[in-house]
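Below, chains carry the letters A, B, ... as their sequence lines are ordered, and counting in each starts from 1. In what follows, every heavy atom counts, from backbone to side chain, and hydrogens, waters and symmetry copies are set aside.
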Amino acid sequence: MEPVYEPLKHEQKIYELWEKGGFFTGKIDKEKKPFSVILPLPNANDPMHMGHALFTIQDILCRYHRMLGDSVLWLPGSDHAGIETQFVFEKKLSKEGKSRFDFDRNTLFKMIWDFVEENREINIEQMKKLGFSLDWTRYHYSLEPEILKQIFDTFRKLHKEGLVYRGERLVNYCTFCGTAFSDLEVDHVERDDFLYYLDYGSLQIATTRPETIFADVAVAVNPEDKKYENLIGKKAIVPLINKEIPIIADSAVEKGFGTGALKITPAHDPVDFEIGKRHNLPVFSVIDLNGKMINVPNEIEGLYPKQARNKTTELLEKEGKLLKKEPLRHTVGICYRCKNLIEPLLMPQWFVKTKPLAAEAIEAVKKGKTKIFPPRFKKVYLDWMENIIDWNISRQIIWGPQIPAWYCLDCNQEIKINFLDKNGKLVSGIYKNLKENYPFEEIKNGLQSLTAPVEASYVTEENKSCPSCQGSRLLQETDTFDTWFLSGQWPLTTLGFNVKDPEKSAPDFKYFYPTSVMDTLWDILFFWVGRMMMFGLYLAEEVPFKLVHIHARVVDKFGQKMSKSKGNVVDPILMTEKYGADALRMSLVYGIAPASDIVVSEEKIKAMRNFANKVWNIGRFIKGSIDESGLSDKEKIPSFSKDMAGLSKEDREIVKDLEETIKKVTDLIEKYHFGLAAETIYEFIWHRFADQYIEYSKERVKNKDLAVFSVLRHVYLSSLKLLHPFMPFITESLWQIFSEDKESLTVSSWPKVQ
RNA sequence: GGCCGAUUAGCUCAGUUGGUCAGAGCGUCCGGUUUACAUCCGGAAGGCCGGGGGUUCGAGACCCUCAUCGGCCACCA
C-alpha cells in the first residue's frame, strides 16, 4: 500500500469492478423490498456542474439501501431540454453568422440532434467519475421513440377528456427567443421607468407604456371613485389617433394610483385582457410576433416598442397631450433564458386544464401519500398547486417533440405559414394566398412554422387524408411541447408505463413504481415535481414518489448561485481530478443542514481529501502490523466476537462506541440528516478510532496480541461500511484489500448492532 | 402585497425532538518526526449564539417583537 492514497489510481478501476459485477442493475425480486430513485434527468448538452455533483445524496440513499438488502434501482437519463438546448445552439449558429431562419425545421432539427449527441456521452462519463451507482442498462433519453409514443398518447388522452385545448390568450412571448413561455418561465425584475400622464380628453390617464395607446379600447376607473362617477359611460379620446373609447368601471382599478384612470389595452397587458373580457371589449394588437409595431401611425410602424415609446412621447409632447412624466420603479417580466423583456401577446396556444389534475396532487400530499422533506416546502407546494392556472404547453421552437395535431390546409385556409421555397428564400403568408404559387410539397418540405387560427380544425392522429374533406394536404402543428410536458411523465415513461393500456405496463413499472425518493433542488419544485405529481396521479392513479427530498443549492463563496453566465462555476470534475471523487462528495454533504445553501470551497474539499488519506493510512497501519506479526494467515486472527477471550477494557469501549456510531449514523440517514451522519462517521474514524484506540493498540500490536488484531479489523471493516455510501471509491479499494468476502462492499451488509 | 429562510469563534458553516451544545473545517499561535498518515500528532487563543421581551427548574434551540441580509410567490397601470 502506498503511503498516500491516490484517488486517480483507483477510482476508474473500482467503477469498472462495480459495472462488471452488475451491482447497480436493478433486479425485480419479489423477496426484497424495492427501493427506486429516478435521476433528475440532466440536460443532454450540459457539462457537469456542482448541481449534478449533488446527486451524491441520491447515491448515498441508494448505496445505503443496497447494503440494507433492498432491491435498488437508480435510473439515469438525459433530457433534450428544448428551449435550453435550442438557445445554446442558436448562439453557436450566430457565431457562424447564421440564424435558425436560414433552415427549414427538419434540417435544423437534425443539426441540433447531432450537436446534442456529441455531448451526451460526456455527461455519462462524468457521472461515472463521481461514483454514482446508476443502472446504466436502463438509461433513457427523452427523445427515444417509445418515450415519445407515450407522451403523445398522454396528449391524446388529455384531449379526449377535454383537458387539453387550444386557446387564444395573452401569453408570455419573448420576441428574441421567438416563443411563448409558461408563467413559470418568466422572471420578474425591478426596473426604473417613467409613468406618463396623458390627456385623454374628458380625463387623464397614467401609463408606463405610451407606445401601446393605439391599442386602447377603453379607459377604466374604479366604480367607487367619486372623482369619475359622472364620467362612467361617457367617452375618452385616445390622443394622436383621436379614437373615441368608452369609459368603464372596474374594481381592478386602484383609486390611488396615477390619476385613478387606467387605459385598457387587452392585447398587451394581462390585467387589461381580463378587464376586457369582463366587459366584452375588442382586442386590438399593435405589436407583432417579431416584436415590431403594427397598425400604428406611419412614423411608428415597424419600430421596436422601446423606440416606439420615445417616438410616441415625442409626438404626444408636440401635441401637448403629454402632461407630465414621473419616475417609477416597478417590476417587469423578462425571459428567464435571454433576459429580454417579455411581451404579453395575443396568440393561439395549447393549454392543459390543470385544476382537476392539481386537485389530486394536492390531496396526495395532504394525505401524506407523498411526503415532502424538509416539511416547510409542503406549504410552498400546496400554495402553488392551489393557485395553479392553466398550463401553456406549446412552444414555438423546433427542438422538441411536435404536438401531434394535424391541420387540413384546404379546410383551414387562413393558416399562416413560414417556409423556405425551393430556392431557399423565406416566404411568409396565409395559405390561401400562397397556394396558387407554391405546390403543397414545396411548402411542406421547406416548412419553418405555421400558426393556425384558434378555431382551426385538426386531428390528433396522423391520417393520410382529411377526415372531413378527404383532402391530402395536411400539415402537422409546428409548435413543440414544453419540455416539462415530457419530463413530467419521466417516472412513468422510463419505467415502461403504457398510457393507452396501463395493464400492459412493463414489469419494471409494476415493481418499482411508485418510486421511493425524488431528490431535487427546490427551484424545479413547480416545473417538474408538481407536473410529475399531476401526471403520475392522472395516468397511473398513483403518486410518482413517496418522498420528495429537497436538497441544498451549491453557491459560490459570495452566496451566489453558480451559473455559466455569472462565470462563477466551480468545476466538479476538476476537483475530482485534483482531490478525488470521494473528497468532493464528502465535502458536499459534510456538515450541511437539510436544504440550506452549500458553499463550495476548495479548502473543504482538501480537508475531506485529508480524511480519505487518514482512512487509507489506518488501513496501511493495520495491514502493516498484521504482515509484520506473521499472523497474516486469517486462521490465526479470530474474527471478532464480544465474548472472545483477551478483550481489554479499551477493546470493549471502542466496540461500544462503534455500535453507538452505527446506531446514530443509521438513524441520521433514515432522517435525511446526511450532514450530521457524515460528521459522526468522520469524528468516530479519525478522532476516536485513529487518534485514541489505534495509538493505544500499538503496544499490544507489538506483542502480537490476537484480540487486538480482531478488534482492529472488526472496527475498521465496520467503519468502511458506514463510510461507503459517502466515499464509495476509497472504501471499496480498502475492502478489496481487507475483506475475506471479496465480492464488493457495494453488496455487503450494512453493519448492525449485535 | 403574501410567504419562507438566515443572523453562532477572524472566515465558511454545523448544532435532528429544550438539559456536558457552546462545536467543526480553514486561518492564527506554541510544541512535536528513528516507519500508518506533515494530506500528521499534542496543546492554545478566540464567541455574553443579531437587539429586546416572554415561557421554563433550565433556551442558539420554543413564543412575541424589532433590525439587517437573502430567497420564493403575486396583475399595481
Colleague: I want to check a possible cation-pi pair here: Arg553(A) against Trp522(A), using under 6.0 Å from ring centre and within 45° of the ring axis as the test.
Modeller: no

Colleague: Please classify the nucleic acid contact of Val253(A) as base, sugar-phosphate, or nothing, using heavy-atom distances under 4.0 Å.
Modeller: base

Colleague: Can a side chain N or O of Arg609(A) be found less than 4.0 Å away from OP1 or OP2 on U39(B)?
Modeller: no

Colleague: Give a yes/no answer on whether the side chain of Trp686(A) brings an N or O atom under 4.0 Å of OP1 or OP2 in C41(B).
Modeller: yes

Colleague: May I ask you to decide if the ring planes of Tyr716(A) and Phe689(A) are parallel, tilted or perpendicular, using 30° and 60° as cut-offs?
Modeller: parallel

Colleague: Just label G32(B) as syn or anti from its O4'-C1'-N9-C4 or O4'-C1'-N1-C2 angle, using within 90° of 0 for syn.
Modeller: anti

Colleague: Please determine whether a side-chain nitrogen or oxygen atom of Asn610(A) lies at a distance below 4.0 Å from atom OP1 or OP2 of C40(B).
Modeller: yes

Colleague: Checking all strands, does Trp616(A) fall into the base, sugar-phosphate, or nothing category for heavy-atom contacts under 4.0 angstrom?
Modeller: nothing

Colleague: Rounded to whole Å, please give me the gap between NE2 in His673(A) and P in C13(B).
Modeller: 20 Å

Colleague: Does the structure show a Watson-Crick or G-U wobble partner for U20(B), both distances under 3.5 Å? Name it, or say none.
Modeller: none

Colleague: With ring centroids as reference points, do Tyr64(A) and Trp750(A) lie under 6.0 angstrom apart?
Modeller: yes

Colleague: Just to be sure I understand the rule, does Leu668(A) reach a base, reach only the sugar-phosphate, or reach nothing, if contact means heavy atoms closer than 4.0 Å?
Modeller: base

Colleague: Return the pairing partner of A14(B) with a 3.5 Å limit on both distances, Watson-Crick or G-U wobble; otherwise return none.
Modeller: none

Colleague: Do Tyr579(A) and Glu602(A) have a side chain donor and acceptor closer than 3.5 Å?
Modeller: yes

Colleague: Measuring to OP1 and OP2 of A14(B), would you say a side-chain N or O of Ser596(A) lies under 4.0 angstrom away?
Modeller: yes

Colleague: Pick base, sugar-phosphate or nothing for Asp691(A), based on heavy-atom distances below 4.0 Å to the nucleic acid.
Modeller: sugar-phosphate

Colleague: Parallel, tilted or perpendicular, judged at 30° and 60°: which one describes the rings of Tyr682(A) and Phe611(A)?
Modeller: tilted

Colleague: Which part of the nucleic acid, if any, lies within reach of Arg376(A) when heavy atoms closer than 4.0 Å are counted: base, sugar-phosphate only, or nothing?
Modeller: sugar-phosphate

Colleague: What about His549(A) and Tyr672(A), are their ring centers closer than 6.0 Å?
Modeller: yes

Colleague: Is G60(B) paired to anything, Watson-Crick or G-U wobble with both distances less than 3.5 Å, and if yes, which nucleotide?
Modeller: none

Colleague: By the 4.0 Å heavy-atom rule, please label Lys255(A) as base, sugar-phosphate, or nothing.
Modeller: nothing

Colleague: Extract from the structure each pairing of a protein N or O with an N or O of nucleotides 23-25 of chain B at less than 3.5 Å, listing the distance.
Modeller:
from, atom 1, to, atom 2, distance (Å)
A24(B), O2', Tyr590(A), OH, 3.1

Colleague: Side-chain N or O of Lys379(A) less than 4.0 angstrom from OP1 or OP2 on C73(B)?
Modeller: no

Colleague: Tell which nucleotide pairs with C72(B), taking only Watson-Crick or G-U wobble pairs whose two distances are both under 3.5 angstrom.
Modeller: G2(B)

Colleague: Under a 3.5 Å cut-off for both distances, is U39(B) Watson-Crick or wobble paired, and to whom?
Modeller: none

Colleague: Describe the nucleic acid contact of Ser601(A) in one word from base, sugar-phosphate, nothing, applying a heavy-atom distance below 4.0 Å.
Modeller: nothing

Colleague: If the C1' atom of G25(B) is compared with that of G15(B), how far apart are they to the nearest Å?
Modeller: 15 Å

Colleague: What is the pairing partner of A67(B), taking Watson-Crick or G-U wobble pairs with both distances under 3.5 Å in any strand?
Modeller: U7(B)

Colleague: Is there a Watson-Crick or G-U wobble partner for G47(B) with both distances under 3.5 Å, and if so, which one is it?
Modeller: none

Colleague: Can you check whether any acceptor in the base of A36(B) is under 3.5 Å from a donor in the side chain of Glu695(A), or vice versa?
Modeller: yes

Colleague: Kindly state whether the ring of His10(A) and the ring of Tyr5(A) have centres lying under 6.0 angstrom apart.
Modeller: yes

Colleague: With a cut-off of less than 4.0 Å, is there a side-chain N or O of His188(A) near OP1 or OP2 of C73(B)?
Modeller: no

